[in-house]
Number of protein chains: 2
Amino acid sequence: MRYDGRLSRMLHVLIHMARHEGAATSDLIAQMLNTNPVVVRRTMAGLREQGYVHSEKGHGGGWTLGRRLEEMTLLDIYRAVGEPPVFAVGPACDRPECLVEQAVNSALADAFAEAEKLLLERFAHVTLADIAADFDNRMARHPALVGHAGSGCAS
Amino acid sequence: MRYDGRLSRMLHVLIHMARHEGAATSDLIAQMLNTNPVVVRRTMAGLREQGYVHSEKGHGGGWTLGRRLEEMTLLDIYRAVGEPPVFAVGPACDRPECLVEQAVNSALADAFAEAEKLLLERFAHVTLADIAADFDNRMARHPALVGHAGSGCAS
DNA sequence: AGAGTTTGTAACTTTGCTTGTTGCATAAGG
DNA sequence: CCTTATGCAACAAGCAAAGTTACAAACTCT
């Protein structure tokens, strides 16, 4: 099962935008994300509704930040992309009336709820500025490695 | 994104098997899970390899437990169904060489690793016997509600 | 031995979701 | 008024999980 990379992508974009002079077009962002502009608009629409970004039409238009990086947490962005389900594993619902199934799902739900709580608490304590600072560290340490550094990607 | 219900289903089946006299056929199990016998065999194959169940061909054949419920934890079964990815959200890998993307993914990976650790630790401390005991409680409290009780299913 | 059951497995089909694509309307700027 | 952008809807493509079909292998019982 393929996972949802929207949160990661939007964080990626927002930090780039903070370092970018003026508005960033959907086309430019699409190149950053190796995708196409329509998908960018679709995804960014959620962020716009929450005021994290603005969009302008016409010449010189595009996307701009609605807040500073210090004022956005991972939790904010997670919610803005629609609070997608955190877990790829979950309860089955084949025989909703079966008490065995209910007991199983209850045990699983307890464990997942606890893990989700921990995760979201952590999300709430990390700002985009924290990530940008980490980026600056990486930049300072490995300026020559851009284009070659291992990334840990599965692909 | 639809989640993976295999863990839940296998737990469901194993507890039923413990209460069942003799071997349970794939057909019977398929009815429990509201699916078909070939899918059952496919999924149970993983459990068989790990020794949690046995299968017998021919007359009177079918599936039997390879261990007592006290000797199986949620973690055991999670692993036996192939340790499917726990999370439905994850790092994107659109520009593996981009240091911003790397910083983002690193922040996310840390948070997810912590949550996964907590989850699996909890899985390790819950046996199938614990769930069966919870089932017994539900049975004692609501014997007349079978077939009507709300289940919390999203469906 | 033979009939009837049941698992094992491979190949194919179906289904649902995500992403990509196209087309056009709308708005801003020069 | 032409160019550049976003906004949005409708449709196509790709992919993975689940369902289906078909048949071989193995076991039991009479």
Side-chain angles (χ1 to χ4, degrees), chain A residues 1-10 13 17 20 22-49 52-66 81-82 84-85 87-94 154-155, chain B residues 1-10 13 17 20 22-49 52-66 81-85 87-90 92-94 154-155:
Chain A
M1 179 171 296
R2 197 101 205 95
Y3 56 69
D4 185 335
R6 275 179 299 168
L7 173 59
S8 173
R9 290 197 176 93
M10 289 303 101
V13 166
M17 286 171 64
H20 190 263
T25 64
S26 301
D27 237 319
L28 177 66
I29 294 172
Q31 285 167 28
M32 286 179 196
L33 297 183
N34 212 26
T35 180
N36 73 77
V38 178
V39 174
V40 170
R41 291 186 197 115
R42 263 203 302 246
T43 314
M44 302 273 287
L47 300 199
R48 185 183 49 218
E49 277 164 27
Y52 298 117
V53 296
H54 296 300
S55 61
E56 295 280 347
K57 293 182 175 178
H59 246 151
W63 300 86
T64 49
L65 283 185
V81 297
F87 297 104
V89 185
C93 193
D94 308 308
S155 90
Chain B
M1 175 171 299
R2 198 99 204 96
Y3 55 70
D4 186 334
R6 274 179 300 166
L7 174 58
S8 173
R9 290 199 176 92
M10 289 304 101
V13 166
M17 284 169 65
H20 190 263
T25 65
S26 301
D27 237 320
L28 177 66
I29 294 171
Q31 286 167 27
M32 285 179 198
L33 297 183
N34 211 24
T35 180
N36 73 76
V38 177
V39 174
V40 169
R41 290 185 199 118
R42 265 204 297 247
T43 314
M44 301 273 287
L47 300 199
R48 185 183 50 219
E49 276 164 26
Y52 298 117
V53 297
H54 296 300
S55 62
E56 295 281 346
K57 293 181 176 178
H59 245 151
W63 300 86
T64 49
L65 284 183
V81 297
E83 297 195 59
F87 297 105
V89 282
C93 194
D94 307 309
S155 93

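Throughout, protein chains are lettered first and strands after them, A, B, ... in sequence-line order, and every chain is numbered starting at 1. Everything quoted here is computed from the prediction, not taken from an experiment.
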Next on the checklist: Whole angstroms only, please: what is the CD-C1' distance between B/E49 and C/dT9?
Outcome noted: 13 Å

Checklist entry - Between A/D94 and B/R9, is any pair of side-chain heavy atoms under 4.5 Å apart? => result yes

Checklist outcome for this item: Separation of C/dT19 atom P from A/N34 atom CG, nearest Å, is 14 Å

Item to check | Gap between atoms CG and P, on A/L33 and C/dT19 respectively (whole Å) | outcome: 12 Å

Checklist entry - For the atom pair CE (B/M17) and CG (B/L28), what is the distance rounded to the nearest 0.5 Å? => result 10.0 Å

Checklist outcome for this item: Closest non-hydrogen contact found for A/W63 with A/T25 is CD1-C, 4.2 Å

Checklist outcome for this item: If each end axis of the helix from C/dA1-D/dT30 to C/dG30-D/dC1 is fitted on five C1' pair positions, the angle between them, to 10 degrees, is 10°

Item to check | B/L33 side chain reached by B/M10 side chain, heavy atoms, under 4.5 Å | outcome: yes

Next on the checklist: Within the 4.0 Å limit for protein heavy atoms, which parts of nucleotides 3-11 of chain D are touched? Write it as a string from 5' to 3', B for base, S for sugar-phosphate only, - for none.
Outcome noted: -BSBBSBB-

For residues 34-46 of chain B, which side-chain N or O atoms pair as donor and acceptor with protein atoms under 3.5 Å away, sequence neighbours left out?
unit_1, atom_1, unit_2, atom_2, d
B/N36, OD1, B/V38, N, 3.1
B/N36, OD1, B/V39, N, 3.4
B/R41, NE, B/S26, OG, 3.3
B/T43, OG1, B/V39, O, 2.9

Item to check | Distance, rounded to the nearest Å, where B/M44 contributes CE and C/dG8 contributes P | outcome: 9 Å

Checklist entry - With sequence neighbours left out, what residues match B/E83 under side-chain contact (heavy atoms from CB on, under 4.5 Å)? => result B/Y78, B/R79

Checklist outcome for this item: Looking only at heavy atoms, the pair that brings B/G60 and B/A23 closest together is O-CB, 3.9 Å

Item to check | Interatomic distance, B/L47 CG vs C/dG8 P [rounded to whole Å] | outcome: 12 Å

Checklist outcome for this item: In short, A/S8 meets B/A92 closest at the heavy-atom pair OG-N, 3.0 Å

Next on the checklist: Rounded to whole Å, please give me the gap between CG in B/N36 and P in D/dG19.
Outcome noted: 6 Å

Next on the checklist: For D/dG19 and B/T35 - does any side-chain N or O of the residue sit under 4.0 Å from the phosphate oxygens OP1/OP2?
Outcome noted: yes

